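Since the structure comes first, as structure tokens, the remarks are kept for the end.
Since the model is a prediction, treat every value here as computed from it, not as a measurement.
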Amino acid sequence: MTTPASLHARHQAVMPDWLSLYYERPLELTHGEGRHVWDAEGNRYLDFFGGILTTMTAHALPEVTKAVSDQAARILHTSTLYLNRPMIDLAERIAQLSGIPDARVFFTTSGTEANDAALLLATSYRRSNQVLALRNSYHGRSFASIGITGNSRWSPTSLSPLQTLYVHGGVRTDGPYAHLTDAQYIAACVADLTDMLSQTHGNVAALIAEPVQGVGGFTNPPDGLLAAFREVLEAHGILWITDEVQTGWGRTGEHFWGWQAHGRAGPPDLLTFAKGIGNGMSIGGVVARASVMNCLDANSISTFGGSPVTMAAGLANLTYLLEHDLQGNARRVGGLLIERLRAVAAQLPVVREVRGRGLMIGVELVHADGSPSPRAATIALERARERGLLVGKGGRDGNVLRVAPPLSLTIAEAEEGADHLEDALRQAQTEIGGLDDSRDMEGGGQP
């Protein structure tokens, strides 16, 4: 019988060294149901990370598994060279939900590929390879998307086909503008953007921004910043790409899309999505107004984007999410969970901040002197696992716990998870207490 240790050894022998794994003893997850998963040794866990915010509704959701099975029994694959009813059905729903007028939808297999496609469209439309991105950002692992990633832990090369200009605005509580009021913060970031544009040569193609930075540690600007940015961008003809790979589909509770927190901005020019829409199936995509989407003057197809099976899964998943008001559940249950964690944080100096919206919550951990503590995050991650709770980890310094359960999370499960996380945070406080000079380079997260 293969043990987790022997499977780990096989992984190390054949997989890249940079393909990171969680935990001192990595887990093999074998099956799931609802908000729970089981490992190969039969241990049951409450899942507060959903395979990196991807299991959006629930594990083994009957409506999705039936849609996959029924479609697989008919035909598995056709490519985009043929009419595809499930793809058209899902595209119509997404186009309407996007808020983008005269919208067109192109399906990919991942968020990385979606952002890559959006960059191709924007740079082709504007005839420029200059792109604006936020500091601390993450947009994928392709050559182009790494070139617009402002988080150095996830940017392994400085080589890029793009000229990227990084602006302030992704992290509200850190950096040179942290001491300002929200209004002053927005004004300072807009001044920074305006000044940068005055020094560029040629036309900037687009600004790409996550409304809430995922890998960056669930950080976000004050509401209204992207709207203020939009006013500057429009004056220059610059496109706005909103990266909704992690924030889309109601996860933030207050809005269906993250960009809607910046209401007066109106809809973006391009919107990218992935992760949760497939509930585990490989779906990504771009929505853009027709003039932008149709700007390419060469042929293109997608072999696996828009697969009949993944489209059937996405349509069933989206239908379930809307019919069961999971956005509303994320707002209600997420609000309770955030307040519970903030009450715990008030008693523990190791917790600098609990932030987030809906069921997208970050817990930032620090040393007694206020400096980032990736060690505390690692301890809390391990202790939570020991208590039967899976969470994620991220942030620029690898010191933020990422809490993002399926949107069907119940109040009882939220309370249970909060109990486990409180125990893990208290253990982290105990283990790093008095070690103010301790510094380590542990960290990183998962996208």
Side-chain angles (χ1 to χ4, degrees), residues 19-39 43-61 110-111 138 154 210 212-219 245-249 251-253 274-281 326 329-330 333-334 337-338 341 354-365 374 377-395 398-410 413-414 416-425 428 443-447:
L19 197 64
S20 58
L21 292 166
Y22 275 168
Y23 307 115
E24 294 176 7
R25 295 182 299 105
L27 293 176
E28 177 192 3
L29 299 180
T30 58
H31 60 288
E33 182 178 350
R35 276 70 54 193
H36 291 86
V37 292
W38 284 259
D39 69 17
N43 299 306
R44 177 176 179 263
Y45 303 92
L46 182 57
D47 185 2
F48 268 29
F49 201 39
I52 320 174
L53 290 83
T54 299
T55 305
M56 178 172 67
T57 48
H59 290 279
L61 187 69
S110 70
Y138 176 85
W154 292 92
E210 306 158 273
V212 180
Q213 294 186 327
V215 169
F218 291 171
T219 62
V245 169
Q246 298 196 28
T247 51
W249 319 109
R251 176 164 288 281
T252 64
K275 291 192 181 288
I277 182 60
N279 201 46
M281 300 297 284
L326 295 193
N329 191 66
V333 179
L337 182 55
I338 289 172
L341 293 177
V354 174
R355 55 179 175 257
R357 294 171 180 260
L359 287 172
M360 192 172 186
I361 305 168
V363 182
E364 184 176 350
L365 305 183
T378 297
I379 292 169
L381 190 82
E382 291 283 354
R383 300 300 173 263
R385 176 250 180 108
E386 291 171 4
R387 287 160 173 76
L389 177 70
L390 304 184
V391 296
K393 188 174 65 167
N399 65 315
V400 180
L401 299 179
R402 299 168 67 196
V403 177
L407 303 189
S408 57
L409 186 74
T410 67
E413 289 165 342
E416 177 188 349
D419 285 343
H420 294 324
L421 198 50
E422 178 178 358
D423 289 344
L425 291 170
Q446 295 291 338

- [ ] Go through Glu382 and Glu24 one step at a time and tell me if the side-chain contact (heavy atoms from CB on, under 4.5 Å) criterion holds.
- [x] CA-CA 8 Å; Glu382 291 283 354; Glu24 294 176 7; 3.3 Å; yes

- [ ] Could you pull out the closest heavy-atom pair between Val333 and Leu359, with the gap in Å?
- [x] C-CD2, 4.5 Å

- [ ] Name all residues meeting the salt bridge (Lys or Arg N to Asp or Glu O under 4.0 Å) criterion together with Glu210; count only those two or more places apart in sequence or in a different chain, and write none if there are none.
- [x] none

TODO: Check the pair Val354, Ile361 against side-chain contact (heavy atoms from CB on, under 4.5 Å), reporting the backbone distance first and the verdict last.
DONE: CA-CA 7 Å; Val354 174; Ile361 305 168; 3.9 Å; yes

TODO: Over all heavy atoms of both residues, which pair between Leu337 and Phe48 is shortest? Give the atoms and the distance, please.
DONE: CD2-CE2, 4.0 Å

Task: Leu390 vs Leu29 side-chain heavy atoms within contact, under 4.5 Å - done: yes

Open item on the list: What verdict does the side-chain contact (heavy atoms from CB on, under 4.5 Å) test give for Tyr45 and Arg385, after you've listed the backbone C-alpha separation in whole Å, the side-chain angles of each residue and the deciding distance to 0.1 Å?
Closed with: CA-CA 8 Å; Tyr45 303 92; Arg385 176 250 180 108; 3.8 Å; yes

Task: Heavy-atom closest pair, residues Ile338 and Gly358 - done: CD1-O, 3.8 Å

Open item on the list: Taking side chain to side chain contact (heavy atoms under 4.5 Å, CB included) as the definition, give me every residue that meets it alongside Glu413, ordered by chain and number, with sequence neighbours left out.
Closed with: Arg35, His36, Leu46, Leu409, Thr410

Task: Verdict with reasoning, Val400 to Arg355, per side-chain contact (heavy atoms from CB on, under 4.5 Å) - done: CA-CA 10 Å; Val400 180; Arg355 55 179 175 257; 3.6 Å; yes

- [ ] Hey, could you give me the CZ/CG distance between Arg383 and Leu389, rounded to the nearest 0.5 Å?
- [x] 14.0 Å

- [ ] Examine distances only and state if a side-chain atom of Asn399 and a backbone atom of Ala377 form a donor-acceptor pair shorter than 3.5 Å.
- [x] no

Task: Gap between atom CD1 of Ile277 and atom OG1 of Thr54 - 0.5 Å precision - done: 12.0 Å

TODO: Mind checking the CZ-CZ spacing from Arg402 to Phe218? Nearest 0.5 Å is all I need.
DONE: 4.5 Å

- [ ] Of all the heavy-atom pairs spanning Gly111 and Val245, show the shortest one and how long it is.
- [x] CA-CG2, 3.8 Å

Task: Taking every non-hydrogen atom, the tightest pair across Ala424 and Ala384 - done: CB-N, 3.7 Å

Open item on the list: With rounding to the nearest 0.5 angstrom, report the CD to OG1 distance, Glu364 to Thr219.
Closed with: 9.0 Å

Open item on the list: Check this for me: Glu33, atom CD, are more than 12 non-hydrogen atoms of other residues, nucleotides or ligands nearer than 6.0 Å?
Closed with: no

Open item on the list: Just so I know, are the side chains of Val212 and Gln246 near enough to count as touching, which here means a heavy-atom distance under 4.5 Å?
Closed with: no

Open item on the list: If I take atom OG1 from residue Thr57 and atom CG from residue Asn279, how far apart are they, to the nearest 0.5 angstrom?
Closed with: 3.0 Å

Task: Tyr22 side chain reached by Leu27 side chain, heavy atoms, under 4.5 Å - done: no

Open item on the list: Restricting to side chain to side chain contact (heavy atoms under 4.5 Å, CB included), what partner residues turn up for Glu28, sequence neighbours left out?
Closed with: Leu7, Thr30, Ala40

Task: Gap between atom OG1 of Thr55 and atom NZ of Lys275 - 0.5 Å precision - done: 10.0 Å

TODO: Locate the shortest heavy-atom distance separating Ala274 from Ser110; write the atom from each residue and the value.
DONE: CB-C, 3.9 Å

